[in-house]
Amino acid sequence: MNQSGLPWRRGMRSLVWPVAALALLLAFNAATMPGFFAIEARDGRVYGVLVDILNHGSRTALVALGMTLVIATGGVDLSVGAVAAMAGAVTATLLVQAQVPWPVAIAGAVALGMCCGVWNGVCVSVFRLQPIVATLVLMVAGRGVAQLITGGSIITFESGPIAAIGNGSFLGLPVPVTMMVVAAVALQVLVRRTALGLCVQCVGDNATAARLAGVPDRAVMLFVYGVCGVLAATAGIIECSYIKAADANNAGSLLELDAILAVVIGGTSLTGGRFSFAGTIIGAMLMQTMTKTLYMHDVSAEIAPAPKALVVILVCLLHAPRVREWVSGLWRPRGGSA
Amino acid sequence: MKLHRLVSATPVLATCALLVGLFAFGAISYPNFASAAVVRNLLVDNAFLVVAAVGMTFVIISGGIDLSVGAAMAFSATLAAALIEAGGVHPLAAAAVVLAAGLAFGLVQGVLIAVLDVPPFMVTLAGMFLARGAAFAVHPQSRGITHPFVATTLNETLAMHLPLGARGVTIPPTVVVMLLVLIGAWVLLRHARFGRAVYAVGDDACAARLMGLAVRRVKVGVYTLCGLTSAVAGLLFALYQQSGDPASCKGMELDVIAAVIIGGTLLRGGAGSVIGTFAGVMILGLIQTIISFQGDLSSWWTRIVAGGLVLVFLLLHQGIGVVARRVGRTADRQG
Amino acid sequence: MTREGGLLLEAEGLAVRFGSVRALDGVSLTVRAGEVQALLGENGAGKSTLIKCLSGVVRPTGGRMVLCGRRIEPRSPHEAERIGIATVFQEVGLIPRLSVAENICLGREPGRRWLRGLVDWRAVRSRARAAMDRLGLGGLDVDRELGTCSVAVQQMVAIARALDVRARVLILDEPTSSLDRDECARLLGVIGHLRAQEMGIVFISHFLDQVEAIADRVTVLRDGKLVGSFEAAGLTRAKLVSLMVGREFEMPTGKRETTGERGAGSLLSLRAFGRSGMIEGVDADVGAGEVVGLAGLLGSGRSETARLVFGAETATRGTMTFGGEASRFTTPRQAIARGIGMLPENRKEQGIFPSLSVVENLVVSLRAKDGAFSRLAFGSQVALAEEFVRQLGIKTADVHAKISELSGGNQQKVLLARWFAMRPVLLILDEPTRGIDVAAKADVLRAVDRLRGEGTAVLFISSELEEVTRVCGRVVVLRDRRSVAHLEGSDITEASVLAAVARTA
């Protein structure tokens, strides 16, 4: 049998494992925890454990969407956590110290995110630095800049509209969930309806060939890192609106790791090429469900990363070509020429 | 005229020039800066960082990266503190256990990377989560180390008193360990077969394999070594802080990587030195010292300056690569 | 000159398959002590695969190898070296940032007496000097960083490294392709010297004069099969070429006389065109509806010229006029925007997107040309792909199959279709038939001919002289990175091209 099929069908196939893992985890929770699936509506808004997972998972998922594009080009963006911290700092500082109206504060933060992303893109595509290193620069310096903006203190603010981002609801669902859905649909349409998605995959699959085939590689790089920066800034705004404060020191910490893990669990290869937004969102939700499950089984927030790490290693091993060969060798002992 | 040699040595020369320049700047700008005490503090405050950076230098020269260093240090410090204080184990035995744990941790990472072909940054990212979680599992809070052997024997009896400056200078054993690690690493990298193989693997793993080097074994060795130095660094950190804190050393891997890059090690692999790494750590330390002498600058400037320096050195490498190739081509035809 | 030395290496019926491609099909080879054996064949004939088997890089799927009476199965170059087969690969497999001395001794450095793990630098240096002395390069500073040496010196170092182990069989894969004439002569001298030391040498080269000068025996491969093994003494150059090229398959031919106008209204014209350190200067003209060949040996600058025209590298000297305008492209995108396409030399590394489907591989340039935000309905992409699959006879389950699941010839046809879909004004084909089977070759050449008939100008690069003479209406011969001869119409014969290529003026 050949392994081809229509693109969407192949996309479905790559989602099987993450979806199965998520379903398994949910089933485990349903069995061990009564009321896990309980959802109640109050004041035109739904509450429940699942809603909670969606709400907190969507912040990671937003960043992971941008990270998906970056990873699909064969790169990685380590600076998203620092960018989120900077965005939160800018929002709070503009609101409190500059006394600007809230849309301006948000616009300022998003613009900063875009600048950071484009800067990363320039480092990668024009200076030809390795993505890990290029974004490392901003990762190191960015948190310092965030602290510089806030003056090292935690800035609290009282802005109804901005607080509503993290704590309000839209059509019954928490606002971050709505933002994630809007971002995912917009990106999906943009990437799949235009040549952009193809260009991103080509650059990630074979950069030399992409250049020789006339793919505008630099523009593609600037775009994906720019999008990643904007989404990281959005996540930063959401985070500071949860707590109505900007904490330059802790905001967005480990965000880059969660985002990368969500992408990898979602089936996008770290070496670039094919990518799937749906897989990434499922990956982010899987991570969040796992975190929640651990918390509900009285595992402390500090220890929780350890079991997550084991899962990640497992997923990476399943992706590793050597292990795959070995596994497929087990299944097809006689080795036909497929 | 050995122009090509000069060009390839430029990063290390630039690092050393920067170190000297920074120190000179501090000495001119602030009274009391050029003193034995400042130098002593620079060494004492950064000893654990140097040791961790030495391991990272090996990894980066081999063309890899290790993001688990900070978490591994926190784990080692916490484990040591828990063993000594809660477990009643003698500090030396505890140190041995910690070193073995670090070695095993690095070995597993190395096997995953080199034998199973999982990307290094993914493996060590997971390793970072794992080590951090394990640290909290060992002991959930910071735990002071009050064992008499540590408090008196190590920190006082074994400390060296040098008659420098007005009141003399006390060098704790952490600095001695750091120097020993530095010398050992230098010998290993410059003069041992293993070290030369690390350079070869980092420069061109394919060619190295064709030349008959055991590339996978070298890679496993490099990550194992980095696990070991992380454990040593964690022990030094525990000694320095007189405690083991599972929440400590967050983001330390970034400082370490920054120091290695500023020290002139090429992130693509194949070039670098522990001497440069030492200078890199000292540069970061000097910036911190200058900021504290200045008084009106906040500590976060350290990170901003560090980020900027990393960028400058990366671009310097990139430029040197281009120049070196030109010089090589034109300066040939001599036989 | 023939010598009757003892039998050193005997390979029998070696076979290697890469997927569905038979890279090597029942090839036998014998190497005697004190004999230089030349291994000849066009690109894709299986020479590289054969030596990869001998040196343990590739494990043969069939056949056996015997070294000095003992059956061997080397699993790595290291193991092959240990049992006495040393190989110098074409792409110099050395470490540029280590010193010359270290490169010679790496992996087997003499250790210090009291601690074997530490390197005895003095011994390393003296061993390296001794090895270089044997090549007559005793004057070289062995402490020098290898990457700063010229390619020629690096090649010598690679050989010195191979000599350092006491090898009984030395395999040299195109050692002379990047050497100048003096260095070549010195290398041939070294080979003769080693022959006198009763070593068995396998020597791969495209330079027939060197083969004539040094070889005792010539083995010819074609399409993965052994053509034969001959005493060099009785072999003429013409016989060699005919053995290498083979005649049993009739290629479809474009008419040699061009239908398009030429000269006056040429579409592309190059004058002293080049880039320092890469191409000295090339003169060439290509008119619409004309196929112009770029002939020359490997390393003569054929592919480099193509890359300069296409903007993959930026030219720094001379002029290029395209469509009546002086042009100098700095990126392939600019060239593509003007209607130029290029089928790159290395299909796997420069051409295909292995994890993408046939249709995606096919439409990428068309879509990228209109910009990243352009739209093209999925249905029309598929229709386009299916049209070309039919037209070029691409064998694939359907257009959504991964391109890496196709055979090499079909992958190449997809890449051709990528450019055909653009309706290019000028198409540059760099080794379009390399490494694909004979039937696919014929298909590709037929497609090129059809394109020419539609008025596209074609710049055609091939190592197979036979193809060049059949397809091209004009041939520019390159040697030593510059154009040295222009042939036209009935002047183009294998003999005339070969004469221009091989002339050692």
Could you tell me whether the side chain of Met122(B) reaches within less than 4.5 Å of the side chain of Leu261(A), counting heavy atoms only? yes
For Ala309(A) against Leu130(B), the heavy-atom pair lying closest together: CB-N, 3.7 Å
Mind ranking Thr271(A), Val264(A), Leu138(A), Leu257(A) by heavy-atom pairs under 4.5 Å with chain B and telling me who comes out on top? Leu257(A)
Among Pro307(A), Gly151(A), Ala248(A), Ser300(A), which residue has the highest count of heavy-atom pairs closer than 4.5 Å to chain B? Gly151(A)
Smallest separation among heavy atoms of Leu311(B) and Cys123(A), with atom names: CD1-SG, 4.2 Å
Does CZ in Arg217(B) sit with more than 12 non-hydrogen atoms of other residues, nucleotides or ligands closer than 6.0 Å? no
Residues of residues 109-118 of chain B contacting chain A, heavy-atom criterion under 4.5 Å, by residue number: Leu112(B), Val115(B), Leu116(B), Asp117(B), Val118(B)
Under a 4.5 Å cutoff for heavy-atom pairs, which residue among Arg132(B), Met128(B), Arg268(B) has the most contacts with chain A? Arg268(B)
Chain A: which of Asp255(B), Leu125(B), Leu309(B), Val305(B) shares the most heavy-atom pairs with it under 4.5 Å? Leu125(B)
Minimum heavy-atom separation for Gly307(B) to Ala141(A), with atom names? CA-CB, 3.9 Å
I need the Leu78(A) CG to Leu67(B) CG distance, nearest 0.5 Å. 7.0 Å
Measuring from Phe121(B):CZ to Leu270(A):CG, what's the distance to the nearest 0.5 Å? 5.0 Å
Go through Leu129(A), Val299(A), Ile313(A) and name the one with the most non-hydrogen pairs under 4.5 angstrom from chain B. Leu129(A)
Given side chains that start at C-beta, do those of Gln130(A) and Leu314(B) come closer than 4.5 Å, heavy atoms only? no
Side chains of Ile261(B) and Leu136(A), heavy atoms from C-beta outward: is any pair under 4.5 Å? yes
CE (Met114(A)) with more than 12 external heavy atoms under 6.0 Å: no
Please report the shortest heavy-atom distance between Ala306(A) and Gly133(B), naming the atom on each side. CB-CA, 3.8 Å
